[in-house]
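To keep things clear, I will list the structure first and then write my remarks on it.
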There are 2 protein chains.
Amino acid sequence: MGVDCHHTESAQPGLEGAALASAVAAAQSKCERTRERLTPPRRRVLELLLEADGPMKAYDLIAAYGQDGEPAKPPTVYRALEFLERLGFAHRIESLNAYVPCRMEGTSHRAAFLICECCGTAEEFEPDFSPQFAAAEAAGYAVRTVTLEARGLCPACKVEA
Amino acid sequence: MGVDCHHTESAQPGLEGAALASAVAAAQSKCERTRERLTPPRRRVLELLLEADGPMKAYDLIAAYGQDGEPAKPPTVYRALEFLERLGFAHRIESLNAYVPCRMEGTSHRAAFLICECCGTAEEFEPDFSPQFAAAEAAGYAVRTVTLEARGLCPACKVEA
DNA sequence: AGCCAATGCGTTATGAAATAACATAACCTG
DNA sequence: CAGGTTATGTTATTTCATAACGCATTGGCT
Ligand SMILES: [Zn+2]
Ligand SMILES: [Zn+2]
Ligand SMILES: [Zn+2]
Ligand SMILES: [Zn+2]
C-alpha cells in the first residue's frame, strides 16, 4: 500500500488446494443448514476472496471472475457480495472500498479490522463494544450494526519503518 | 433516510446567522494560530457543512457551492474537504460517503458516529478505545486512526418504530 | 523592490465504484 | 405442471473521486 513497502504482501496468504476446498465446503454446508443457496456466482466470488492475499476491490473480483479471463458484469459480483455479507461469509471494509472473507470461526459477530497502511493487510478481530454502547443505548439509541476500522502499521511494517 | 421516516429531519439543525458566523470565525482564528489558511473555497465548504441539517454528500456540496446557483468543480470541493478533515473541522463518514462538520469542542479527538438509519442524522461522540487497542498495540500494531460508525435508530425514530 | 519556492486554485478530462431497470431462467411447493 | 419466489444475464446509467497541467497568490529571502 505504502509506496515504500517492500514486504512480501503475504501477511495473510490466500487459501489454495485442499484448504480452499474445505473452506468452500464449510460455507456450503452452512448454507444448507439455513436453506440458503450457494449458487455458482456466489461460490465463485467466495473462492476469489479466499484465494486472495488481502482485501479485494469489487472490480478486481469482476476482472478475475472468469477462469478463462472473461470478466463478470458488475451486478453479478455486487449481488454475490451482498449475499456473502448477509450470510457472514465476507465483510466490506468501508475505508478501503474492499472486501475480505470472514476469518472468524464463530457464527455471528461484529467485525472489526486492523488495517496496515503499508502492506495493505487487514486483520479481523472481535471487538468488545459493551462499554462504548452502554451509554448510547442508555441515551435511547438502538444500535444495529457497528463498523470499526483501525488504520496504522502492522508489526512487520512497524519494524521496518 | 428510511422510506417510512416522516420526521422533521432536524434532529441536528444547521447553523444560521450569528451562530454560523461565530463558528466560522472560530475556525478562522484556529487557522491563524497554526498559520493555516482558511481560503474562500475552504470557508465556503465549511459554511455549507455547518448550515446543513445532516451529513452532506460531496456532490450536494458541489451543487450548493455557488451563491448564484453555479456549481463548483469537483476538485474544488474535494480539496476543501481534505483540508477541513486535516484540520479537524470536518469528518468523512465512510459508510455514507458523506461529510459532517465537527461537533466536538476539543481540538484533537478520534471521531465516532451514531447514525440513524431512519432520519439520517449522524451524532458525533467521543469514543474510548483504550481497552480495545491496548491489546492491538501490545500485539505490535501501531494504530494511527480509527473509524467507528454505529448504525441503528435514534431515540426519536426508535419510538415511532 | 525583485526573486524564488511552496501552496492553492481553475479547468478539463478521466477513472473507479455502485446501482437502476427489465427480461429471462431456475427453484421450490403444492 | 402451474404459479410464486428467488436468482441471474444484460444494458445502461449514476454516483463518487482523482489525475494532470498551467496560472495565481503567498511569504520568505536577498
Ligand atoms: Zn468475520
Ligand atoms: Zn504491514
Ligand atoms: Zn469531530
Ligand atoms: Zn432518527
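Here is how names work: the chains are called A, B, and so on, in the same order as the sequence lines, proteins then strands, and each is numbered from 1. The structure presented is a predicted model; accordingly, all values stated were derived computationally and were not measured.
- Contact check of residues 37-46 of chain A against DNA chain D (heavy atom, cut-off under 4.0 Å) returns R37(A), T39(A), P41(A), R42(A).
- Rotation axes derived from the C1' atoms of the five outermost pairs at either end of the helix from dA1(C)-dT30(D) to dG30(C)-dC1(D) lie 30° apart, to the nearest 10°.
- Rounded to the nearest 0.5 Å, atoms CD1 (I93(A)) and CD (E94(B)) are 11.5 Å apart.
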Contact pattern, 5' to 3', of nucleotides 15-20 of chain D - B, S or - by protein heavy atom under 4.0 Å:
-BBBBB
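- Note: CZ (R86(B)) to C1' (dG8(C)) measures 11 Å, nearest angstrom.
- Here R79(B) pairs with nothing under the salt bridge (Lys or Arg N to Asp or Glu O under 4.0 Å) rule; sequence neighbours left out.
- Whole-Å rounding puts the I93(A) CD1 to dA17(C) C1' distance at 16 Å.
- Counting to the nearest Å, the P atom of dT26(D) and the CD atom of E32(B) are 14 Å from each other.
- Applying the ring-ring contact (aromatic ring centres under 6.0 Å, His included) test to residues at least two apart or on different chains, the pairs with a partner in residues 71-102 of chain A are H91(A)-H109(A), H91(A)-F113(A).
- Going from atom CD of E36(B) over to atom P of dT26(D) covers 16 Å, rounded to whole Å.
- At least one side-chain nitrogen or oxygen of K73(B) sits closer than 4.0 Å to the OP1 or OP2 atom of dT11(C).
- Formation of a donor-acceptor pair under 3.5 Å by the K57(B) side chain with backbone atoms of I62(B) is not found in this model.
- When rounded to the nearest whole Å, the span between CD1 of I62(A) and P of dA17(C) equals 9 Å.
- Remark: E123(A) CD to C116(A) SG distance equals 10.5 Å, nearest 0.5 Å.
- In this structure, the CD atom of E70(B) is 14 Å from the C1' atom of dT11(C), given to the nearest Å.
- The nearest whole Å value for the distance from the CD atom in E82(B) to the P atom in dG8(C) is 9 Å.
- Qualifying side-chain hydrogen bond (donor to acceptor under 3.5 Å, both in side chains) partners for R103(A), counting only residues two or more places apart in sequence or in other chains: none.
- Minimum heavy-atom separation, A58(A) to V77(A): O-CG1, 4.0 Å.
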List, with names and distances, any nitrogen or oxygen atoms from the protein found under 3.5 Å away from nitrogen or oxygen atoms belonging to nucleotides 3-5 of chain D.
none

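- Considering only residues two or more places apart in sequence or on other chains, T76(A) meets the side-chain hydrogen bond (donor to acceptor under 3.5 Å, both in side chains) condition with none of them.
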Let me have the donor-acceptor pairs involving side chains of residues 36-50 of chain B, under 3.5 Å, with sequence neighbours excluded, atom names and distances please.
residue : atom : partner : partner atom : Å
E36(B)  : OE2  : R86(B)  : NH1          : 3.2
R42(B)  : NH1  : R37(B)  : O            : 2.7
R44(B)  : NE   : Y65(B)  : O            : 2.7
R44(B)  : NH1  : E47(B)  : OE1          : 3.1
R44(B)  : NH2  : A64(B)  : O            : 3.2
R44(B)  : NH2  : Y65(B)  : O            : 3.2

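- Sorted by first and then second residue, the salt bridge (charged side-chain N to carboxylate O under 4.0 Å, His left out) pairs involving residues 139-156 of chain B (not counting sequence neighbours) are E117(A)-R144(B), E117(B)-R151(B).
- The side-chain hydrogen bond (donor to acceptor under 3.5 Å, both in side chains) search around N97(A) returns R92(A), not counting sequence neighbours.
- Here L87(B) contributes atom CG and C102(B) contributes atom SG; the two are 11.5 Å apart, rounded to the nearest 0.5 Å.
- Every residue meeting the side chain to side chain contact (heavy atoms under 4.5 Å, CB included) condition with A52(B), not counting sequence neighbours, appears here in chain and number order: M56(B).
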